[in-house]
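Here is the structure we will look at, set down as structure tokens.
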There are 2 protein chains.
Amino acid sequence: MALSHAIMTALLEDEMSGYELAKAFDVTLGLFWHASHQQIYKELHKLTDKGWLEKEPVVQQGKPDKIVHRLTGAGREALAEWVWGESRMQEAKDDLWVKLYNLSADNISRLSAEIVQRREEMMGRLYLYEKIRRRHYDDPESLPIRRKGIYLALIAGIRQGENFLQWCDEALEFLARAENTATA
Amino acid sequence: MALSHAIMTALLEDEMSGYELAKAFDVTLGLFWHASHQQIYKELHKLTDKGWLEKEPVVQQGKPDKIVHRLTGAGREALAEWVWGESRMQEAKDDLWVKLYNLSADNISRLSAEIVQRREEMMGRLYLYEKIRRRHYDDPESLPIRRKGIYLALIAGIRQGENFLQWCDEALEFLARAENTATA
DNA sequence: CGCCGCATGTAATTAGTTACATGATTGT
DNA sequence: ACAATCATGTAACTAATTACATGCGGCG
């Protein structure tokens, strides 16, 4: 599984609570991964049981107490080993593609609307990630090695997103033409 | 779930056995979806229990007998309803992105090798899907409506793949530079 | 007082992978 | 004889979603 390794990766530089992790996921890994807080808490317990993380309760004022988690030496090793190992390409199992296989005169306007919606959502994400890129990864050649890796992942996500936006525009035009010829 | 709907989609035009479905998935939906035969058989039973599919044993000569599955009226309705409904964008939960967040002097050549491998795999897939596009979707404007939807999904996958290839090339160059400056 | 953000969880269900299991026919 | 392709499954496990549950503190 990769969620556990994604969590450990997020903890490489900072110790965090489950709540903080859930939010950090959306910000730093959001283009690639989303994890619910339930899943994260469960995973944190497992990783702590394995000895890859250690936890420490932290008393806060003005807020409920929290439990921060920190990578152990064994955790660092296990993570490095996982990075070294094999991994497989994942398909984009998105319902939208399956829906398009069902395109018909009945649902063409509905599917167009859905593409418009997707387009807007992607625009929002891209806006956020472009901002991060400009602010923190503007001069990629001079970044420290780990940040260079993050940079590569970031631009992969941004490119993918831009590519999707372009597809949306073309698809919407194409569908509009298809709708017209159908009713003409 | 979408696997069940992907299966029903595949059965829109032809009745098929589980074995045939497993192969058809790799060919027609392969850029977006892969499903093991185990998962498909399980799903076929569920869908048949729901009354969305009906099955019929078919005796074959020279081959073991098979059980073909066919969409029922209720199945067609349920599928159309699903297409109409909401769906959410899916992230590309690929290990590669998480691994890149762990880039270090120790693993940079390993990760470069992995990108080379991914590049080759994607090249192979693209070759196949480009061939399908040229052969069956060369004149998209004149396709019947359903095929137009498939065309849109197909070019989305192809674009995504080409985009990935380009990223691979740039990433590999970038990593090579990073490796040199590290050892210089 | 009620809503929002912070903070952590359990339980049930659904989805997907991996390993195991069987047996027929065709080609070498 | 042996491997490859065709064909269908079960069992165990891992991963992910959805629903449910609790409680504090600050703000209007």
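Throughout, protein chains are lettered first and strands after them, A, B, ... in sequence-line order, and every chain is numbered starting at 1. Just so we're clear, the structure is a prediction, and the values are computed from it rather than from any experiment.
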Side chain to side chain contact (heavy atoms under 4.5 Å, CB included) with A:T72: which residues, sequence neighbours excluded?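 Only A:E54, A:A74 meet the side chain to side chain contact (heavy atoms under 4.5 Å, CB included) criterion with A:T72.
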
Taking ring-ring contact (aromatic ring centres under 6.0 Å, His included) as the cut-off, I'd like each qualifying pair that reaches into residues 126-161 of chain A, sequence neighbours left out, listed once.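 Sorted pair list: A:Y151-B:F174.
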
Distance col, row B:L47:CG vs B:I7:CD1, nearest 0.5 angstrom, shows 6.0 Å

Indicate whether OP1 or OP2 belonging to [N] is found under 4.0 Å from a side-chain N or O atom of [X].
| X | N | result |
| --- | --- | --- |
| B:Q60 | D:dC6 | no |
| B:Y41 | D:dT8 | yes |
| B:R88 | D:dT18 | yes |

ring-ring contact (aromatic ring centres under 6.0 Å, His included) involving A:W52 - partner list, sequence neighbours excluded: none

Assign each of B:V68 and A:E43 to its nearest nucleotide of DNA chain D by heavy atoms, then name whichever residue's nucleotide is nearer the 5' end. B:V68

Nearest to the side chain of A:I67 - D:dT17, C:dG16, C:dT8? C:dT8

Counting only non-hydrogen atoms, which of residues 14-36 of chain A are less than 4.0 Å from DNA chain D?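 Nucleic-acid contacts, sorted: none.
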
Listed pairs under 3.5 Å, donor-acceptor, residues 19-26 of chain B side chains, sequence neighbours left out:
| from | atom 1 | to | atom 2 | distance (Å) |
| --- | --- | --- | --- | --- |
| B:E20 | OE1 | B:S17 | N | 2.9 |
| B:E20 | OE1 | B:S17 | OG | 3.2 |
| B:E20 | OE2 | B:K66 | NZ | 2.7 |
| B:D26 | OD1 | B:H34 | ND1 | 2.9 |

List for me each residue that meets side chain to side chain donor-acceptor pair (under 3.5 Å) alongside [X], sequence neighbours excluded, and say none if there are none.
| X | result |
| --- | --- |
| B:E13 | B:R146 |
| B:E120 | none |
| A:E43 | none |

With B for base contact, S for sugar-phosphate-only contact and - for none (protein heavy atoms under 4.0 Å), nucleotides 20-28 of chain C reads B--BBSS--

